[in-house]
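Remember, it's 1-based here, ligands and their atoms both numbered in the order they're listed.
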Amino acid sequence: MEPLIRPAFARPSNLVDGAIRNTEPATGRPFPDLPITSPAEVREVVGRAREAQRRWAALDWGERRKKLLAFRDRLIARTDEVVDLLVRENGKARFEALTHEIFPIVDLTNFFAKRARRVLRDEKIPLHLFGPLKASRLRHEPRGVIGVISPWNFPFSIPMGDVIMALAARNAVVVKPSEWTPRILLLAKELLVEAGIDPDLVGVVPGGGETGAALVEADVDMVIFTGSVATGRKVGEACGRRLIPYVAELGGKDPAIVLPDANLDHAARQVVWGAFANSGQICASVERVLVHESIHDAFVAKVVELASAVRQGDPAAAGEAHVDVGAMVVPSQVDLVQRQLDDAKSKGARILVGGGVHGEGGARFIEPTVLVDVTSDMEIWRDETFGPCLPIRPYRDVEEAIREANDSAFGLSAYVFSRSVSRADAVARRLEAGTVMINDVLYTHALPETPWGGVKQSGIGRVHGIQGLKDLCEVRHVNRPRLPMVPLWMFPYRERTFRAFRYGMRKLFRGPLG
Ligand code: NAD
């Protein structure tokens, strides 16, 4: 299919007179200006990080583990403060600030602080031909300084996962937070320093695209980028020019397939949460639901009931009462979602719940919205929405559902619901996605041990997991002899040895068993 990914949406800038000027998404109250980091300052920060990395890598594993665990403890001790700032800067529900942002980082820090040494120790490679004569080992050496560029939807857990893993792999790291949510990382840095980590080892460089581009051009040794496809391409090109490794975690349009035998209460609850958590501003949000025609109406009725009960409002004002859904972080994202809703309505979609966009005094909210009579030519079905919208369509047979689910330029996550896990698994294996969850949604980004990333235009490479930790290292191969002998393949070349090689090759690689 022809990808319909739009170019980066034009955004009114919040970068004014050399400063970042933001308001609280849920109230419209202004934050004090924050200075933008200039390209020259970025280079200085990277230079200091390189020096600090040498000292960090020279510590023994026990020392590094102690400092990382001290960060875990500082984060636990100051959790309420981090929650409060996340709620103010990002507008998300207090519950999500704790469970989506802080808890996963406490767990990830604990996990990698305790396992990095074991995962990164030398590995033997058994040599299938030369084993009796030679031995090979892999060493995992830190890359140096890792550059991290992050988005605004999980302004703490996305960059901090990369930061902690980079440190666990003995690297330094410099982070360019999103210009919409820079303050939370300045607080994170404070916690790292309180934990005894060298302030130069973790640089935070607030700014916009220019600062991000300067970070890629500075002397970093690898870039982990999370954001849109359009920016991901630019960053990838710059990394290609510099010949440095690059991980891209990009957009998604994740489908959920509800099979005819699914537990409808369970599936409806999951899908409603998967679409509306974080106001739908999750790369792995449920953005398309395909429901078997035999259960479509019953499923939609349950979704409507649950979606109508979702409580939305200013998470800070709700206090201990909690709201479920908070605000939209970026003003232009509100416009984009509204445009997709208008396009859907003009092409015949019906809105069963929500559809309203509101906010007083500069606050920005989109109501959790459920749509039916959706067709595949609608923007809301094809393009990333990144807002609280849940379009639902019926399908006739499972082949149609799989075809529709895969008919996307993206491939981040996908979800399958069935009472039979083996039936769901047979569908899961055919879905083009970096992660497929059966009877669940969203949550695996919070698992430190599983890899995270997408296929197709959802990204390149993986973060998290053992693979993610190893990718933060350069692999060095050391080969040594087991027996003192001169190999037969050296000068002077002789006909006798040529024949011996040919004979040996023919003997070794004969027939299907060779
Ligand atoms: P974005 O691409 O606009 O910005 C991402 C970051 O890149 C920001 O920090 C921005 O300042 C920086 N940037 C902008 N131009 C740059 C340049 N030329 N060079 C270097 N850096 C530059 O994305 P966003 O709006 O912040 O985030 C939303 C997008 O992120 C959505 O598409 C969403 O799906 C995606 N996302 C993906 C994942 C994932 O894990 N796959 C997770 C979260 C968000």
Side-chain angles (χ1 to χ4, degrees), residues 5-11 13-15 20 22 36-37 39 42 90 100-101 104 147-159 161-162 174-182 185 204-218 220 223-239 241-242 246-254 278-285 287 328-334 336-337 383-387 408-413 433-435 442 444-446 451-464 468:
I5 294 170
R6 307 256 176 263
F9 202 66
R11 290 179 172 173
S13 181
N14 57 342
L15 307 173
I20 301 174
N22 287 338
I36 293 174
T37 319
V42 170
N90 187 265
H100 295 184
E101 300 261 19
V148 172
I149 300 175
S150 52
W152 42 263
N153 62 332
F154 289 101
F156 186 77
S157 58
I158 288 179
D162 300 333
V174 177
V175 193
K176 209 297 283 173
S178 168
E179 57 273 41
W180 295 98
T181 51
L185 272 193
V204 179
V205 290
E210 197 192 349
T211 308
L215 179 59
V216 179
E217 296 299 338
V220 292
V223 171
I224 302 180
F225 172 81
T226 309
S228 63
V229 173
T231 314
R233 274 210 181 93
K234 287 190 208 160
V235 174
E237 281 164 15
C239 289
R241 277 195 300 277
R242 290 205 45 226
Y246 164 65
V247 173
E249 302 293 344
L250 309 177
K253 189 72 195 172
D254 295 351
N278 209 30
S279 268
Q281 302 163 115
I282 303 183
C283 49
S285 284
E287 292 214 356
M328 296 292 291
V329 183
V330 180
S332 60
Q333 192 65 30
V334 177
L336 184 148
V337 175
D383 295 356
E384 185 174 44
T385 303
F386 225 56
S408 171
F410 292 112
L412 189 55
S413 298
T435 299
L442 299 184
T444 66
H445 187 265
W452 180 260
V455 302
K456 302 200 269 187
Q457 297 199 10
S458 287
I460 303 171
R462 295 292 180 266
V463 293
H464 295 182

| query | Got an N/O contact under 3.5 Å between Gly207 and ligand 1? | reply | no
| said: If I apply the N/O under 3.5 Å rule, does Ser228 come out as touching ligand 1? | reply: yes
| Under 3.5 Å between some N or O of ligand 1 and some N or O of Ser458? | no
| Sub-4.0 Å heavy-atom approach of Val216 to ligand 1 | no
| message | So is Ser150 touching ligand 1 or not, going by heavy atoms under 4.0 Å? | response | yes
| field | 4.0 Å heavy-atom contact, Gly208 with ligand 1 | value | yes
| Is Lys234 close to ligand 1, meaning an N/O of one under 3.5 Å from an N/O of the other? | no
| field | Structural part of Trp180 in contact with ligand 1, heavy atom criterion under 4.0 angstrom | value | neither
| remark: Counting heavy atoms under 4.0 Å, the part of His445 that contacts ligand 1 is neither
| Arg462 to Val455 - nearest heavy-atom pair and separation | NH2-CG1, 4.0 Å
| request: Using distance alone, decide if ligand 1 has a nitrogen or oxygen within less than 3.5 Å of any nitrogen or oxygen in Asn153. | output: no
| field | From Phe386, Phe154, Phe225 - option closest to atom 28 (C) of ligand 1 by heavy atom | value | Phe386
| field | Sidechain-backbone polar pair: Asn22 side chain, Glu179 backbone, donor-acceptor under 3.5 Å | value | yes
| query | How many angstroms lie between atom CG of Leu15 and atom OG1 of Thr211, to the nearest 0.5 angstrom? | reply | 7.5 Å
